[in-house]
> 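Next up is a structure, given as structure tokens.
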Amino acid sequence: MGTVSEIDLASADDAAARAERAAAFVPGPRGPERELPSRVVSSRVSLRVRIRDLWRARELFVFLVRKEVKVKYKNSVLGFVWSMLNPAIVLMVYYVVFKYFLKSLIPDFALFLFSGLIAWNLIATALPGSSASIVANAGIVKKVAFPREVLALAQVGTASVFFFFQSIVLALFLIGFQYAPAWSYLPVLLFALVDLLILTAAIAVYLSAVNVYYRDVEHLVAVLLQAAFWGVPIIYSYNTVYGLLTKHHLLWVARLYLADPIVPILLSFQRALYGHVSPVIPQTVVKAVIYHGHPALQYVTTRAAIPVLASYPYHFYVFMLACVFVVAILMFLGAMVVFGRIEGNFAEEL
Amino acid sequence: MSVAIEIQGVSKRFRLYHEKYTSLKERVVHAGHVPFEEFWALSEVTAEITSGQTVGILGRNGSGKSTLLKCIAGILQPSKGQVVVRGQLAAMLELGAGFQPELSGRDNIYLNGSLLGLSRREIDRRFDEIVAFAELEQFIDNQVKYYSSGMYVRLGFSVAVSVEPDILLVDEVLAVGDERFQQKCIDRVQQFQRDGRTIVVVSHSPDMMRDICNTVLVLDRGRMVTMGPVGEAIRTFRERLIESGFAPPPEPDVAEGGATGAAPVEIAPHRRQVKITNATVEYARQEERPYIETGEPIAIHVGFAVATPIVGVRFKITLVTESESIVFSSTSGGPIEEMALDPGHGTVTFWFDSMSLLDGRFGVVVEARDSGGVVLDILDPACHFEVMNPGRAVGIVGLPMRVEITPPGAWPADGAATALP
């Protein structure tokens, strides 16, 4: 027997027919009953969940970094060679200016400069891009749900790729000029690199969120980076500053200077890469700088020399970097919290 | 059945800045008194969506339906309350969001796929399928900036559906590409339904809802009005729409001379022997509700004025949809065509015993012609009426229909075939 049912289009009581239809949509068993991932959307999501989500987006991170690198040198003939050429030229300019015009007396100045500059470049490339990252990607932030921190971190990742290219230049440089780095300090160098990445990531995440509210941040970052470059020992040596401050009985300022988390990282880079060549500055000139306006004293101390690098023992480097590590991790978690607090309004603020 | 989405007292507050201060200087200068208004895009919406349902969120513009969808998707965080989502979720709010014009289609599939939460291996596995569905085999290694807009959205849709989520959120994006591709998209969504996945669709088109949803949630100014079976929810929605004056209720009287519509026929003054003065509709419970339901009777009264005596006038009535398609047209016929009319006023009434039109607002165009078919006057539109369809049928006309099913194995062994009653 066929089942005959009449559907009167206009009748209001086709609820039965509707129920039938609804029943037809009852899902059949879709494989074994599996545990469905559950997610809560609310304005208060725990830090643990945020970090878990971020970790799950690591492949997205890789694709974003790849995109950034590809897009940056798309349609350019030399491509990523530019990312090596750029620091090489900057290095050359600084070298010529400081070695010959400003008469820096640090021996093998180019190498000293390069070992600090390479670390600094990572920060200086990552931060402007990452602070603008959320605003620049407003299109997807408003339309797709994903951990938005990835956008800022991808900029740090991109900067790391360029860091890698620059490392190749550095390696070529070392081979070409026959400098050997301090091999025993290689673990210190790697530790410093880890610190540097976490620290940069923390600042990047924080700035990217704040920039949504205060668009000044991306401009401010450019200015502050300029200033900070001269505030950290890249072109001059840490010991010069240290000597200067102790002479003026400002030891606490020297300690404070070391508390800048970037400084121990730079010192470690310099120690590992530059440390093997005789790092001594002839004292005369240093004294002249210190006792500017007292030429008599200059004469007295000609024979002595101070080392370019701080004479800290190995374990002190490790200790400093461990401190920076803790600080960087805390900063990163703090940045995640801040980011999470204001992320809820990103889609409307953009 | 398990609950796929729990919306628990969700409210979303937006700040409407009169002038937005986004720079530090402006914020400092205007500290403390940044002028803004609070605006609750959603207030206290609570609903449960069981898995396997296809739910439509219906509301007019600004009712908060997209905001609700974004809260479910996790793009916006609710100011109050929370949404619990069980199962993998994919949202199609904008197709191809995040496509990089400089990258190839291939790279964009990977980037977009991972943005939607696919792992690299999953994309590898589905890659060919995605390309085939988007019909972009030849162009997949071209930069996306050289794609046509059709290719762009096709690729976007293709990546989005490849996520194979437990819950799919769709925001009025199904109207994609040409007609054939649209059909493919709808087929894919129906496939999702058959697989027992949960779908949430946002639209302001009741027809689309009727097509694919089992349940409809109606929002009005951020508040949930109702959530229930399609027909009833859509009726509530349209009642609200009419009440709030958003869709103007049918005007009983249109100004003389058909001033509103541009008359397609230029009528010479000496021809104006008969003038159509007005037209009104009449139906049951007219004072309670500004619409009829499909299948109910309706009368259209047309008033006319005769200027000079005339023999033989025919009146033509035409029903048109909002998009000006003619659904019905007929002339009065009968004795009136031979009647001698003296100067003065008269009326002619058209009765429809069962108005079988489905949803929509329909216009009535009335023409008066002489016995030779020459147009004497035309009123376009003469009046409007609104029809509400309580059933599930979609389209313009509700045709009477019977359904007969012979299930497999039920074929009678004794040879007694089913016969028409």
Side-chain angles (χ1 to χ4, degrees), chain A residues 1-12 14-15 17-19 21-22 25-30 36-45 56-57 59-60 62-64 66-67 70-71 74-75 137 139-146 213-217 220 343-349, chain B residues 14 22-24 27 51-54 70-79 81-88 91 93-94 97-98 100 102-103 107 110-111 114-117 119-120 166 193 195-196 214 229 231 293-295 390-393 398 400-407 410 412 418:
Chain A
M1 278 294 187
T3 320
V4 179
S5 73
E6 292 216 358
I7 298 175
D8 182 359
L9 291 162
S11 82
D14 64 350
R18 206 155 38 224
R21 246 186 309 268
F25 279 123
V26 168
R30 294 217 286 130
L36 289 173
S38 172
R39 200 167 51 85
V40 177
V41 184
S42 88
S43 49
R44 288 276 175 273
V45 175
R56 285 186 184 157
E59 279 187 332
L60 174 61
V62 173
F63 284 121
L64 284 172
R66 190 174 297 177
K67 174 208 99 183
K70 267 193 180 178
V71 168
K74 198 98 196 176
N75 300 331
N137 287 291
I140 43 178
V141 170
K142 284 199 276 192
K143 296 290 179 184
V144 188
F146 62 97
Y213 287 84
Y214 302 102
R215 303 283 162 93
D216 305 70
V217 168
L220 198 65
E343 183 192 15
N345 296 323
F346 278 179
E348 50 177 293
E349 286 284 340
Chain B
F14 284 124
T22 44
S23 81
L24 199 61
R27 292 244 167 150
S51 65
Q53 266 187 319
T54 300
K70 283 180 179 172
C71 284
I72 298 173
I75 295 167
L76 286 174
Q77 292 167 357
S79 313
Q82 61 176 20
V83 182
V84 181
V85 177
R86 292 195 188 84
Q88 206 198 348
L93 300 193
E94 190 179 286
Q100 290 295 324
E102 292 291 333
L103 294 184
D107 289 339
Y110 279 93
L111 183 61
S114 66
L115 206 53
L116 296 176
S119 74
R120 186 207 185 96
D166 301 300
Q193 288 179 321
D195 292 348
N214 335 98
E293 288 191 4
T294 303
R392 280 192 68 113
M401 178 181 75
R402 292 191 311 116
V403 180
E404 189 173 309
I405 301 169
T406 307
T418 44

> Counting C-beta onward and ignoring hydrogens, is there a side-chain heavy-atom pair between Ile72(B) and Val41(A) closer than 4.5 Å?
no
> Can you measure from CG (Asn137(A)) to CG (Leu115(B)) and round to the nearest 0.5 angstrom?
9.0 Å
> Grab the two heavy atoms, one from Lys67(A) and one from Leu103(B), that are nearest each other, plus how far apart they are.
CG-CD1, 3.5 Å
> Identify the two heavy atoms, one from Gln82(B) and one from Val40(A), that lie closest to each other, and give their separation to 0.1 Å.
OE1-CG1, 3.3 Å
> Taking all heavy atoms of Ser114(B) and all of Leu60(A), pick out the closest pair and write down the distance.
OG-CD1, 3.3 Å
> Given heavy-atom pairs under 4.5 angstrom as the criterion, report whether the side chain, backbone, both or neither of Arg56(A) touches chain B.
neither
> To the nearest 0.5 Å, how far apart are CD in Glu343(A) and CG in Leu76(B)?
10.5 Å
> Which region of Val141(A), side chain (C-beta onward) or backbone (N, CA, C, O), has a non-hydrogen atom less than 4.5 Å from a non-hydrogen atom of chain B, or is it both or neither?
backbone
> Can you find a heavy atom in the side chain of Val144(A) that is under 4.5 Å from one in the side chain of Leu93(B)?
no
> Would you indicate whether the side-chain heavy atoms of Glu102(B) and Lys70(A) approach each other to under 4.5 Å?
no
> Return the minimal non-hydrogen interatomic distance between Glu59(A) and Arg120(B), and the atom names on each side.
OE1-N, 2.7 Å
